Structure formats: structure tokens, C-alpha cells
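Below is one structure, written out as C-alpha cells; comments come after it.
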There are 2 protein chains.
Amino acid sequence: MFPHDPNDKKTAILVGVWTVIAERGLQGVSIRTVAQAAGVSPGRIQHYFSDKKKLIHASVVALVEGAQAANPEALGDPSDPITLWTLLTHQLAPAAQSRSGMSVHFAYLAASATDEWIREFLADARRGLLAKVTQCLIAQSPELTDARQRAVELVALADGAAQGVFLGTLTTTSAETMLHEALADVLDHCAGHLRNHSPGSSPTVARESTIRHPVTR
Amino acid sequence: MFPHDPNDKKTAILVGVWTVIAERGLQGVSIRTVAQAAGVSPGRIQHYFSDKKKLIHASVVALVEGAQAANPEALGDPSDPITLWTLLTHQLAPAAQSRSGMSVHFAYLAASATDEWIREFLADARRGLLAKVTQCLIAQSPELTDARQRAVELVALADGAAQGVFLGTLTTTSAETMLHEALADVLDHCAGHLRNHSPGSSPTVARESTIRHPVTR
């Protein structure tokens, strides 16, 4: 959540924007409300951000970059199973614990219907995630002929799983097990076939192995 | 989107709430702004809804019930492939076309972090969807031993797909193809295995068959 030094004034302002969004929605954001939430003067905000729109857009960028900074494993070697696992599961902890952070994410999604800049930024971030997941799948399973398509499926499943955890209809553990099994199915073409014929054993292995070495082939 | 007669004053008020949310966010909702959007007097709104919170909660119920009314196939016979297909794809058209409707949905999701009533209502709707998908899977593939788990996966994939279509990172056609293949994998345990060994043919069939008879076993 802290893209820069947490003591930095600019960061305090952007955290202030998230606080206002979590409490009052995106429409509650103004130079005045953010100044109050961040404990800075309105003049200080205007020093960094010339208007409300720039302030909101900077807060979108900070949320996405903050999520990346909080998950450095996602930027690792594409051939490392931990890189792929982090890319697919980094939303689960915020969905379960930092409910206001996830709420701000949904507020940005809602705003993307009318704010083209936000939509394009979020879509770009999503395309970046898809490209990185594709890269990992190719590195970890060179025989895959449809890595891009499998990446699209895994990312959609990860998004849906995070939404379920956020709403409370899915536990973090069951979301992890689901993503682990889907990943195993992709990396080992016949895993789904095998699983259906040997129920009981593999899900247990999957659940335990997610802790440090999520992907075993 | 119209749970009752569109000429009905109460419906006009709830549509007015959605309009205000799409334009100004949930925090923009007040007796005054909704009265203006719906073209009714503030007194008329207070006749139906004693306060702003009740007005917002009624609009959440109307959105969910409106989605159900717009997709009567989803309430059909669990053994009918169209019922299952509609349950999994009913979000795609709103995500692509009715961008403000989907935006209102994300605004409710965002609000669910702090409004326990909204969270519980949305979670209940989600549990209802999961139960219905599970019922369909059992009816259409009695040999499935993990129908509930497969339903959880399919619903997560459907949620993620709708989010991708809304953001524009996924086309409606590719989302449909993805859901169709996932469904085929579940209904025919070895489909994933077969697909990986005969690429090219089955995706084409899948894409064409989604038009009227999505699920062929």
C-alpha cells in the first residue's frame, strides 16, 4: 500500500484518498476531504495535484503499484513456481483481510464505466498480468500450445476467487486449493483426468503444498 | 432491470437510484438527488422508503431480482443445458453493453465492505447461484462426485470472465468459449485431456455451439 516512503507527504495524501473512498466513495473525494483525512493542508495537495481528477488518477496508480510492491515475488523468474503462484493469489489476502483496500479496487472498477482513463489503466494492468502469467506457463510447461488461453482462464478464475473471498462465500483456503488444482490441470494436461479417478489424495497434497511450494508437477 | 411495471412509481424511484449511483456513486444518493433523477417528488420517495439506507437496500434487491427476471431461463429445469448455460453467462451481456448496470454492481460490491446488510444480501444471492449450478451439474452429470466444488470453480470463472469483459480485456465471444470449454471439461471428465490432444477442432465447435445449444456432451 505504500509505493514510496510512508512518511512522504505525497504518499500520505494518496493514502488519504483511499481512506475517503473507503468511507464515502469516490464522489466523496475533494481537496478538502483528502486534506482532512491525510492531515495536510489543502495547499499541500494542490502543490502535488492540480485538480481532483489528477488526484484520483494518481491514487489508482498508487493502488496498483502498491499491490506490485507488496508482492515482489510476482516480478521474479518466470520459471519459478512461486512467481506464477504469487501472480494468481496476490489478491486473496487483501480480499480477506484488507477489506477497505478491496473495496477501493471495486470503487475504481465501478468508476471505470464512465472514466476512460481509469478503465484504460486498469485494463493495462490486467494485460500486464496476463502477459506475465503466459510467460510463466511457457517457461514452466514448454509443451503447452495454448499458454495464452490458459493464462486468460487462470486470471479469470483468480479474479472470481478473490471476489468470492471478499464476499465471504469462499474461504482463502478453498480459493487457494481451487487455484492450485486449476494450475496443476494446466501444467499437467491429464491432471484433471487423474484427479477424477483418485479422489481424496491429491486435494490434500495440494492444500499442504500451497504453503511454500505450490506447484508440484 | 425492471422488477415491476416500468410505469410503476416505485420502480421509477429504484431506477432513479441506479442512475444516481452510475453518475455520482453510492454517496450521491439522497432523497433529493433520487427525486430529481426519477422525476418524482421527495414526498413520494419518503412514502415508500423511510430513509436513505432503506432506499439503497431496496435498490440492491431490485438489481439482483431484475437480473433474475431478465434471465428466466436460469430458473428452468436443472437438467436443461440452457438453464446451466444461462446461470454462467447472464453477466456477460450487461458487462459488455449495460456498462452502467455493471458499474452499479461494482459500487454495491465496494459498499459491502462497510455495509453488512449489502454484503449478506449479495453473498446470499451468490450462494443461491452456487446451489442452482450444483443442482444442474448433478442433474446433467450424475456420476460427478464433486459437483459442489465444480460449481464453485465455474461460478468463480464466470465472475472473472464478466470482470474481463467489463474492463475490455476479454471479448464476449472469448469469454463464452472459455466458459463453454470449462463446462465441457466438468461434464466430460476427460475433455481437457482430449482437447489437448486434438487442438483446433473442438474450440470451433464450442464457439459455434454456444449460440443455441451450448452444452454438448
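Order of the sequence lines sets the chain letters (A, B, ...), proteins ahead of strands, with each chain counted from 1. Remember, predicted model here, so these are calculated numbers, not experimental data.
In terms of non-hydrogen atom pairs under 4.5 Å with chain B, the most contact-rich of A:Gly28, A:Ala111, A:Ala113 is A:Ala113. Taking A:Gly25, A:Ala175, A:Ala162, A:Ala22 one by one and counting their heavy-atom pairs under 4.5 Å with chain B, the maximum is reached by A:Gly25.
In this structure, chain B has no heavy atom under 4.5 Å from any part of A:Ile21. For chain A, no part of B:Leu26 is nearby; none of its heavy atoms comes within less than 4.5 Å. Contact annotation for B:Ser112: both backbone and side-chain heavy atoms come within less than 4.5 Å of a heavy atom of chain A. Contact of B:Leu179 with chain A is not made at all, since no heavy-atom distance falls under 4.5 Å.
Residues A:Leu109 and B:Leu109 have side chains not in contact (no heavy-atom distance under 4.5 Å, counting atoms from C-beta outward). At a threshold of 4.5 Å between non-hydrogen side-chain atoms, the residues A:His180 and A:Glu176 do not count as touching.
Salt bridge annotation for B:Glu120-B:Arg127: present, with a cationic side-chain nitrogen under 4.0 angstrom from a carboxylate oxygen.
Counted within 6.0 Å of NZ on A:Lys53, heavy atoms from surrounding residues, nucleotides or ligands total 12 or fewer; the atom is thus considered open.
Not less than 6.0 angstrom separates the ring centroid of B:Phe106 from the ring centroid of A:Tyr108.
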